[in-house]
Amino acid sequence: MTPTTVLTVAGSDSGGGAGIQADLKVFAALGAYGTSVLTAVTAQNTRGVDAVLPLPPHLVTDQLDSVLSDFAVRAVKTGMLGTPAVAAAIADAAAAGRLPQLVVDPVLVATSGHRLGVVEAVERLLPYARVATPNSAEAAALTGTAVTDVAEMTAAARALAAGGPEWVIVTGGDVDAGAEAVDVLHGPEGTTVLRAPRVPTRHTHGTGCSFSAAVTVRLALGDPVPAAVEAAKEYVTRALTGARDWELGAGRGPMDHFGWSA
């Protein structure tokens with residue numbers, strides 16, 4: 001049986017916990033064949049980002065053309081775009097209908113705190129998104145409002161959905177909700193609050209990338225958006241739980257993408 005093909009458009013993480021590397025791990029773990037378009041090269045590890053080199057837009061476009069001309073891609077996710085020029089090139093492809101089931105992960109700041117993107121670049125893609133997956137800090141940057149609790153997450157999700165994406169899920173891993181990790185999903189069917197036990201761990205590198213990659217796979221396999229985001233949340237919770245006692249790196253380590261510690 002031929003596997004379903006998905007595509008990630010994102011930056012490289014030399015530490016392997018986020019970016020293209022994390023996306024491809026999630027795709028494989030969830031049973032999809034992953035293809036990739038690299039937008040930037042980063043030098044980073046669990047402690048932080050040391051250097052970033054965005055790729056020229058024409059090279060990003062060349063990669064995209066190569067993949068889409070040969071593979072039947074069922075869903076696409078974007079992560080770190082690097083520059084507005086690269087975002088414009090990807091937005092052109094989306095506007096032409098070449099990026100099915102587009103999931104936009106508006107990567108603006110790495111887990112370590114290093115800035116990896118600009119709001120203007122992300123805003124170019126949002127009108128074409130089936131699903132946008134900002135975390136609370138990214139939602140705040142995109143809306144220009146504070147996002148510090150569930151009520152503000154809900155308001156931000158509704159505001160962003162009004163600007164183009166069919167569905168918006170504001171992830172709340174960094175929002176203080178006690179013993180729970182709370183996300184807010186808003187779309188044509190209304191607003192839903194998703195809750196799961198918070199996993200006590202410092203190994204949270206790549207959670208946003210992995211969540212959006214999991215959503216992408218589930219959409220490619222035919223899930224409606226609410227079911228896709230619920231499955232993705234369950235996957236990330238398992239991956240965080242599996243890696244909570246790992247000692248990979250001295251900082252915020254990666255998750256257990258393949259269930260090795262299950």
Side-chain angles (χ1 to χ4, degrees), residues 1-13 16-39 60-80 90 93-94 96-105 107 125 128-133 165-167 169 171 183 185 187-189 192 194 196 206-243 246 254-262:
M1 179 177 173
T2 302
T4 297
T5 300
V6 291
L7 167 64
T8 172
V9 181
S12 169
D13 172 4
I20 288 277
Q21 287 86 341
D23 292 342
L24 293 175
K25 290 173 185 177
V26 174
F27 293 166
L30 297 181
Y33 180 81
T35 58
S36 61
V37 169
L38 201 63
T39 61
V60 175
T61 301
D62 288 346
Q63 294 176 76
L64 190 64
D65 290 342
S66 291
V67 171
L68 295 179
S69 68
D70 193 40
F71 294 90
V73 173
R74 296 287 299 276
V76 180
K77 70 150 287 190
T78 61
M80 176 187 177
I90 302 303
R98 301 177 68 202
L99 306 182
Q101 304 265 48
L102 180 60
V103 177
V104 175
D105 178 9
V107 175
L125 272 179
Y128 307 105
R130 177 94 193 274
V131 185
T133 65
E166 183 179 355
W167 294 84
I169 181 160
T171 58
D183 305 330
L185 175 68
E189 298 173 18
T192 303
L194 304 176
T207 48
C209 302
S210 300
F211 176 80
S212 57
V215 172
T216 305
V217 172
R218 295 310 312 176
L219 292 177
L221 294 175
D223 281 2
V225 172
V229 299
E230 185 171 349
K233 186 171 179 65
E234 292 173 355
Y235 170 78
V236 169
T237 300
R238 291 195 305 271
L240 286 168
T241 302
W246 285 7
M255 302 187 301
D256 182 6
H257 290 104
F258 294 107
W260 291 334
S261 298

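These figures come from a predicted structure and were not determined experimentally.
Remark: Arg130 CZ is packed, more than 12 non-hydrogen atoms of other residues, nucleotides or ligands lying under 6.0 Å away.
Shown here for Ser212 and Lys77, the closest heavy-atom pair between the two residues is OG-NZ, 2.8 Å. Among all heavy-atom pairs drawn from Ala132 and Ala129, the shortest one is N-CB, 4.5 Å. Nearest approach of Pro254 to Trp246, heavy atoms of both residues: O-CE3, 4.1 Å. Between Leu102 and Leu125, the closest heavy-atom pair is CD2-CD2, 4.3 Å. In this structure, Cys209 and Ala18 approach most closely via the heavy-atom pair SG-CB, 4.0 Å.
A donor-acceptor pair under 3.5 Å is absent between the side-chain atoms of Thr216 and the main chain of Ala75, judged by distance alone. Although no hydrogens or angles enter the test, the distance criterion places a donor-acceptor pair under 3.5 Å between the side chain of Lys25 and the main chain of Gly16. Of the possible polar contacts, none joining the Tyr128 side chain to the Gly97 backbone as a donor-acceptor pair under 3.5 Å is found. Using a distance-only test at 3.5 Å, with no hydrogens or angles considered, no donor-acceptor pair links the side chain of Asp23 to the main chain of Thr8. Within the 3.5 Å criterion, the main-chain N or O of Asp13 finds a donor-acceptor partner in the side chain of Gln21.
Between Val6 and Leu219, the closest side-chain pair of non-hydrogen atoms is not below 4.5 Å. When side chains are defined from C-beta on, Val229 does not count as touching Trp167, because their heavy atoms never get closer than 4.5 Å. By the 4.5 Å heavy-atom criterion applied to side chains, Pro100 and Val76 are counted as neighbours. Taking the side chain as every heavy atom from C-beta outward, Gln63 and Ser36 never approach each other to under 4.5 Å. In this structure, the side chains of Val215 and Asp223 stay at 4.5 Å or more apart for every pair of heavy atoms.
Distance CD1/Ile20 to OG1/Thr35: 9.0 Å, rounded to 0.5 Å. Taken from CD in Gln101 to CZ in Arg218, the straight-line distance is 12.0 Å, to the nearest 0.5 Å. Taking OH of Tyr235 as the reference point, atom NE2 of His257 lies at 5.0 Å (rounded to 0.5 Å). In this structure, Ile90 CD1 and Thr78 OG1 are separated by 8.0 Å, a value rounded to the nearest 0.5 Å. Taking CG of Asp256 as the start and OG1 of Thr241 as the end, the distance is 9.5 Å to the nearest 0.5 Å. Interatomic distance, CZ of Phe258 versus CG of Leu30, reported as 9.5 Å (0.5 Å rounding).
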| task | Give the intermediate values and the outcome of side chain to side chain contact (heavy atoms under 4.5 Å, CB included) for residues Val73 and Leu99. | result | CA-CA 8 Å; Val73 173; Leu99 306 182; over 6 Å; no
| Worked check of side chain to side chain contact (heavy atoms under 4.5 Å, CB included) between Thr171 and Val236 | CA-CA 12 Å; Thr171 58; Val236 169; over 6 Å; no
| Working for side chain to side chain contact (heavy atoms under 4.5 Å, CB included), residues Asp183 and Leu185 | CA-CA 7 Å; Asp183 305 330; Leu185 175 68; over 6 Å; no
| task | Using the side chain to side chain contact (heavy atoms under 4.5 Å, CB included) rule, take Leu7 and Leu64 through it: C-alpha gap first, then chi angles, then the decisive distance, then the call. | result | CA-CA 9 Å; Leu7 167 64; Leu64 190 64; 3.8 Å; yes
